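For reference, the structure discussed in these notes is given below.
From a predicted model like this one, the values you see are computed outputs, not experimental measurements. Counting convention: from 1, in listed order, for ligands and their atoms alike.
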Amino acid sequence: MKISVSYLKSPYNKEETIKMIENTSADYLHVDLKDGLFVDENNFTWEEMWPLLNKVKKPLDIHLMTLDVEHHIKNARVLNPEYITFQFEAAKYVKDCIDLVKSSGIKCGIAISPETLVEEIEPYLKKIDLVLVLGVHPGKGGQKFIKETVEKLIELKSLKKDYNFSIEVDGGINEKTVSLVSDTADIIVSGSYICESENFEKSIQILKSKA
Ligand code: DX5
Ligand code: ZN
């Protein structure tokens, strides 16, 4: 099980939080980008993110919670991230978005909100590298894990045998909920549980021990 840490909800500013995550054993930096259209709040401009993320040594796991998916993929790919994941519900032409990510040699993920069923993304599973299952409604850190998410993860794990994708769960993961997802998810995103704790590394180790 790999750990991807989101800086979205933290008592420190973006730059400080990212620096603190860099000093842990986390496998990825999870970058949550909100455009004020797909979700309420706008939390980035590319002019701000490029210099900030260019310096990061950990592999980037970019999660676009935006409309205009193609535009944001083009801006995200210059950072050469490990993954670019977009919201299925936001994409008009899902296949074109996948091709745009893959043609840059970057792994492509599709994220599904709590109300989206696994069967809706089934036609695309053969083409992608990651399915991000949101355990909360997209937009805010610190929400409560929606338990029905576990069924989706089980469904995806059984489908996975015939494909090549990894499963990521994002939202509401803490020392209590991690055991619900650790059998099925390959990558666990955790935000506020880690960034609001006194010691980021210690919290990562607790998550691993309870998995
Ligand atoms: C939810 C975001 C998550 C969020 C996770 O909209 O996509 O990545 O930051 O934060 P926690 O772990 O606090 O739910
Ligand atoms: Zn996210």
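- Side-chain contact of Ser10 with Glu196: a donor-acceptor pair under 3.5 Å is absent, judged by distance alone.
- Closest N/O/S atom of Asp170 to the Zn ion (ligand 2): OD2.
- Relative to the ring axis of Tyr83, Lys107 places its NZ or CZ within 45° and under 6.0 Å from the centre.
- In this pair, Trp46 and Phe44 present their aromatic rings perpendicular. The plane angle is above 60°, beyond the 30 to 60° band.
- Within the model, atoms CG of Leu132 and NE2 of His30 stand 6.0 Å from one another, a figure rounded to the nearest 0.5 Å.
- In this structure, Phe38 has its ring center no closer than 6.0 Å to that of His72.
- Closest to the Zn ion (ligand 2) among the N, O or S atoms of His63 is ND1.
- Using a 3.5 Å distance cut-off with no hydrogens or angles, the side chains of Ser113 and Gln87 do pair a donor with an acceptor.
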Which pairs of nitrogen or oxygen atoms, taken one from ligand 1 and one from the protein, are under 3.5 angstrom apart?
unit_1   : atom_1 : unit_2 : atom_2 : d
ligand 1 : 6 (O)  : Gly139 : N      : 2.7
ligand 1 : 7 (O)  : Asp32  : OD1    : 3.0
ligand 1 : 7 (O)  : His63  : ND1    : 3.3
ligand 1 : 7 (O)  : Asp170 : OD2    : 3.0
ligand 1 : 8 (O)  : His30  : NE2    : 3.3
ligand 1 : 8 (O)  : Asp32  : OD1    : 3.1
ligand 1 : 8 (O)  : Asp32  : OD2    : 2.7
ligand 1 : 8 (O)  : Asp170 : OD1    : 2.6
ligand 1 : 8 (O)  : Asp170 : OD2    : 3.0
ligand 1 : 9 (O)  : Ser6   : OG     : 3.0
ligand 1 : 9 (O)  : Asp32  : OD2    : 3.0
ligand 1 : 12 (O) : Gly191 : N      : 2.8
ligand 1 : 13 (O) : Gly142 : N      : 2.8
ligand 1 : 13 (O) : Ser192 : N      : 3.0
ligand 1 : 13 (O) : Ser192 : OG     : 2.5
ligand 1 : 14 (O) : Gly172 : N      : 2.8

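- Atom OD1 is the N, O or S atom of Asp32 at the shortest distance from the Zn ion (ligand 2).
- Hydrophobic clustering places Phe145 together with Ile3 (ILVMFWY residues linked when any side-chain heavy atoms are closer than 4.5 Å, directly or through intermediates).
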